[in-house]
Amino acid sequence: MERAFSAPSGNPSPVVLGIETSCDDTAAAVVVRGRLASSVVAAQDVHRRYGGVVPELASRDHQRLVLPVVGDALEKAGVALRDLTTVAVTYGPGLAGSLLVGLSFAKALAWARSLDLVGVNHLEGHLFSLFIEEPHPPLPFLCLVVSGGHTQLVVVDEDFRYRTIGRTRDDAAGEAFDKVGKLLGLPYPAGPHVDRLAAGGDPSALPFPRTHLPDLDFSFSGIKTSVLYHVRDRAAAGAPPLDDAGLADLCASFQAAVVSMLVRAVDRALTRVPVRAIGVAGGVSANSGLRTALRELAAKRKLGLYIPRPAWCTDNAAMIAVAGYHRAVAGHLSKLTLTAEPALAL
Ligand code: KG4
Ligand code: ZN
């Protein structure tokens, strides 16, 4: 693995345990001298019946799961506690209680075993999901980070400095998928279900509006409200419930609108910033419509497109351990006074 960050002055060959508990996935991973040795994700099922993440339940489940998940990751990697040099942990952004569970665990472990501690920004983690496996994007590249909590356009420059040039003004793209899916009675998280249903529908069936802001920011509240009104108006007019074909058309039309908003902003960003590649990261990068549209855009712009495999798109600790590895090599360590920062920006 090539090195990120300039002037390495830290541990040249760290053995890193990564921990991620920012939302509703309890995850741990091990990176040994730059290579991913294991990755374990325990997705919390408890939220399903509420149609969204319940923060208090997430914290309690993290407490229950963190120890077995870490144990599993170490065992799968064939690494003993005494082999570790470093513990990397997400310290923000995310749910305060959830972050605190992983962070307290990581700090206690670092203190007890005299390990280096590296706090990782969850969004930086998503960027590093592009560096878990070869090939890596060449620098500088433009990365669209699209998850349940964030929608951001980030330029990653030659020195691994990040510049956010666009962000959502209201909902995140994944949040829009989840809210529309909830409205349609789909299980949480709804993004993958909408994606699957959209594949059998006509994307031009319903002319949902596209919000294109003059800068590189995004807004998804308009499309969300349009879908709500569409569903409400049908019910008010006494229309029968959507059949399979109608549901597929609605999902396809909604997805096409969201994808077009995302891809147009990426296209416009490319006219402003000289980059060598396009990357996409975060849960929504698993979306098949988005992948296809970005592939077409990359071909038009003659740039390479880098998308992590689906397991690295959604929340995981491999990306945190890999980001932690690079920071540890560069000597960017954190103190034991590190605190959770729920609103941390990139
Ligand atoms: O990155 P992630 O696991 O968690 C956050 O950091 O938020 O992203 C989860 C989000 C959820 O909103 C989920 O519905 C969405 O990613 N998602 C998708 C797909 N797979 C996951 N959205 C659209 N299409 C998909 N295939
Ligand atoms: Zn995430």
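Note that this is a predicted model, so its numbers are computed, not measured. Counting starts at 1 for both ligands and their atoms, in listed order.
- A 6.0 Å sphere centred on CG of Asp244 holds no more than 12 heavy atoms belonging to other residues, nucleotides or ligands.
- With no hydrogens or angles considered, no side-chain donor-acceptor pair links His47 and Asp61 at under 3.5 Å.
- Ligand 1 places these atoms under 4.0 Å from at least one heavy atom of Gly149: 7 (O).
- Heavy-atom contacts of Gly174 reach the following atoms of ligand 1: 12 (O) (cutoff under 4.0 Å).
- With respect to Asp24 and Arg48, no salt bridge is recorded, no charged nitrogen being found less than 4.0 Å from a carboxylate O.
- More than 12 heavy atoms of other residues, nucleotides or ligands lie within 6.0 Å of CZ in Arg210, so this atom counts as buried by the packing criterion.
- Residue contact check: Ser147 has heavy atoms under 4.0 Å from atoms 1 (O), 5 (C), 6 (O), 7 (O), 8 (O) of ligand 1.
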Evaluate Asp267 against Lys300 for salt bridge (Lys or Arg N to Asp or Glu O under 4.0 Å), listing each step before the verdict.
CA-CA 10 Å; Asp267 195 21; Lys300 184 182 96 179; 3.1 Å; yes
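- With hydrogens left out, the protein atom closest to atom 24 (N) of ligand 1 is Asn287 ND2, 3.0 Å, a heavy atom.
- Residue Cys23 places no heavy atom under 4.0 Å from ligand 1.
- For atom 2 (P) of ligand 1, the nearest protein heavy atom (residue, atom name, distance) is Asp315 OD1, 3.4 Å.
- Within the 3.5 Å criterion, the main-chain N or O of Ala27 finds no donor-acceptor partner in the side chain of Asp25.
- With a heavy-atom cut-off of 4.0 Å, His150 does not touch ligand 1 at all.
- Those atoms of ligand 1 with a heavy atom of His126 less than 4.0 angstrom away are 1 (O), 6 (O).
- The shortest N or O to N or O distance between His122 and ligand 1 is under 3.5 Å.
- Among protein heavy atoms, atom 9 (C) of ligand 1 sits closest to Gly148 N, 3.7 Å.
- Set against the non-hydrogen atoms of Thr314, the atoms of ligand 1 under 4.0 Å away are 3 (O).
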List the steps, then state whether salt bridge (Lys or Arg N to Asp or Glu O under 4.0 Å) holds for Asp157 with Arg163.
CA-CA 8 Å; Asp157 79 9; Arg163 196 154 45 94; over 6 Å; no
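- Although no hydrogens or angles enter the test, the distance criterion places no donor-acceptor pair under 3.5 Å between the side chain of Asn287 and the main chain of Val284.
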Can you list the steps and then say if Val322 with His326 is a side chain to side chain contact (heavy atoms under 4.5 Å, CB included)?
CA-CA 6 Å; Val322 169; His326 287 285; 3.9 Å; yes
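- Between Thr86 atom OG1 and Leu333 atom CG the span is 7.5 Å, to the nearest 0.5 Å.
- For atom 13 (C) of ligand 1, the closest non-hydrogen atom of the protein is Asp178 OD1, 3.8 Å.
- Aromatic pair Phe128/Phe160: centroids less than 6.0 angstrom apart.
- Here the Zn ion (ligand 2) has protein N, O or S atoms under 2.8 Å from it, and they come to 3.
- The CG atom of Leu84 sits 11.0 Å away from the CG atom of Asp116 when rounded to the nearest 0.5 Å.
- Shortest contact from atom 26 (N) of ligand 1 to any protein heavy atom: Asp195 OD2, 2.9 Å.
- In summary, the atoms of ligand 1 found under 4.0 Å from a heavy atom of Gly191, numbered by their order in the structure, are 14 (O), 18 (C), 19 (C), 22 (N), 23 (C), 24 (N), 25 (C).
- The nearest protein atom to atom 21 (C) of ligand 1, hydrogens excluded, is given as Gly283 O, 3.3 Å; this is a heavy-atom distance.
- For His62 and Thr26, the side-chain atoms include at least one donor-acceptor pair closer than 3.5 Å.
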